[in-house]
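In what follows, a structure is listed as structure tokens, so that the remarks can point back to it.
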Protein chains: 2
Amino acid sequence: MTGETERKRAAEHLALTLATAGMQRMGARVLAAFLFTDEESLTAGDLSEQLGVSAGSVSGAVRMVVQMGLVERVPAPGSRREHYRMRDRAWSTLYGRQHAPIDDVLTAVARGVEVVGPGPARERLVYMRDFYEFLLGEVPSLIERFEQRRGGSRP
Amino acid sequence: MTGETERKRAAEHLALTLATAGMQRMGARVLAAFLFTDEESLTAGDLSEQLGVSAGSVSGAVRMVVQMGLVERVPAPGSRREHYRMRDRAWSTLYGRQHAPIDDVLTAVARGVEVVGPGPARERLVYMRDFYEFLLGEVPSLIERFEQRRGGSRP
DNA sequence: GCGAACGTTCAGAATTTTCTGAATGCGGAC
DNA sequence: GTCCGCATTCAGAAAATTCTGAACGTTCGC
């Protein structure tokens, strides 16, 4: 273990990396905050203070990560604030969610196959469609395999 | 087959879908143009005209898709222009590339594990690290399986 | 009920990303 | 060697995204 400063630096670095990889910046920062905390749960106020951003930004970012299924509200007995924490399996959930767009792409490609007559373009479209169909089928089992492998040591 | 208009509509729709899924807009439009054409190859001029955008935009977008490994320059005998076409296996390549950020995330998380002392946060970080390591190992074999399954019918 | 604390919403500001268009570079034809 | 046509680069404009901060609800304690 190193100092608290190091922890924050590592958290911010991960947030930046996730943001570069396509996640919204504030969502990534909030997520990193949850990931790196030893607290049971965090409130919007905690996040606002810890990240040095406005309550409004936190509100939006929290809504996003909750909607993504990465963070959940936790019942807050005896507190007026809303408490949140990371969900278990957050990462496999995230990975699964990243594949939601596959459905949309698949639909768009299928439309292309309908519209385009025989020829090279159509062959390409069929190939693409097959690939995305394949993915759509394989990803869940991929995640499941990880869960099972992990399942024994951390339920 | 339907009219040429339908084809363009389908191409633009796919481009928009890919853009929504995180790809840069112009890159997606260029890619869709390659995907939907029956021409052997396209030049920057073709793309510029077809998409109704400036040569500068095309240049940047083409550079991107080439660098992504989705499109390649094709020798242009007897023509001063540069010719490009989609590469075979473009989609599995794209999918593989989408996982390049995994390396970065993995590095960032590993740093977190080093920095954080025992506790819930560290457990979470270890879980995340394991998941991304698992992915990094599985994705190539996933793609390979698709290629093999497809290999017979389209070499 | 009343007051206070907290979260949310939304219009506007700031930042970042993306596109354009003119200048520049490059390669082949003559 | 010079010219011509196309591609690229890059500074600046345009557009989209993201953050803030003040106003508004809501919920709980009293």
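Chain letters run A, B, ... following the sequence lines, proteins first, then strands; residues in each count from 1. Atom set for the values below is all heavy atoms of this structure, side chains included, hydrogens, waters and symmetry mates excluded.
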Interatomic distance, B/Met23 CE vs C/dT17 P [rounded to whole Å]: 18 Å
message: Over all strands shown, is B/Gly45 touching base, sugar-phosphate only, or nothing at heavy-atom distances under 4.0 angstrom?
response: sugar-phosphate
- prompt: What's the CG-C1' distance between B/Leu16 and D/dA16, to the nearest Å?
  reply: 14 Å
task: Measure the spacing between CD of B/Glu82 and OH of B/Tyr84 and express it to the nearest 0.5 Å.
output: 4.5 Å
task: Mind calculating the distance between NE2 (A/His83) and P (D/dC28) to the nearest angstrom?
output: 13 Å
- request: Could you tell me the separation between the CZ atom of A/Arg81 and the C1' atom of D/dT26, rounded to a whole number of Å?
  value: 16 Å
query: Can you tell me if the side-chain N/O atoms of B/Arg25 get under 4.0 Å from OP1 or OP2 in C/dT18?
result: no
- prompt: B/Tyr84 has an atom OH; how far is it from atom C1' of D/dC6, in whole Å?
  reply: 11 Å
- prompt: Which pair of heavy atoms, one from A/Arg150 and one from B/Val126, lies closest together, and at what distance?
  reply: NH2-CG1, 3.8 Å
query: If we ignore angles and hydrogens, is there a donor and acceptor under 3.5 Å between the side chains of B/Arg81 and B/Thr43?
result: yes
- prompt: Would one find a side-chain N or O of B/Ser54 under 4.0 angstrom from OP1 or OP2 of C/dC19?
  reply: no
Identified side chain to side chain contact (heavy atoms under 4.5 Å, CB included) partner of B/Val109 from the options B/Leu125, B/Asp104, B/Asp130: B/Leu125
query: In whole angstrom, what separates B/Asp46's CG from D/dG5's P?
result: 18 Å
- prompt: Under 4.0 Å between a side-chain N or O of B/Gln24 and OP1 or OP2 of C/dT18?
  reply: yes
- prompt: To the nearest angstrom, how far is B/Met64 atom CE from D/dA7 atom P?
  reply: 19 Å
task: Hey, which sits more toward the 5' end of DNA chain C by its nearest nucleotide, B/Gly56 or A/Val62?
output: A/Val62
- prompt: Do B/Leu70 and B/Leu31 come within less than 4.5 Å of each other through their side chains, counting heavy atoms only?
  reply: yes
task: Answer with base, sugar-phosphate or nothing: what part of the nucleic acid does A/Val53 contact at a heavy-atom distance below 4.0 Å?
output: sugar-phosphate
- line: Here the distance between atom P of C/dC6 and atom CZ of A/Arg73, to the nearest Å, is 16 Å
query: Can you find a side chain N or O atom of A/Arg63 that sits less than 4.0 Å from OP1 or OP2 on C/dT9?
result: yes
message: Nearest to the side chain of B/Ser57, heavy atoms from C-beta on, is which of D/dT8, D/dC19, C/dT20?
response: C/dT20
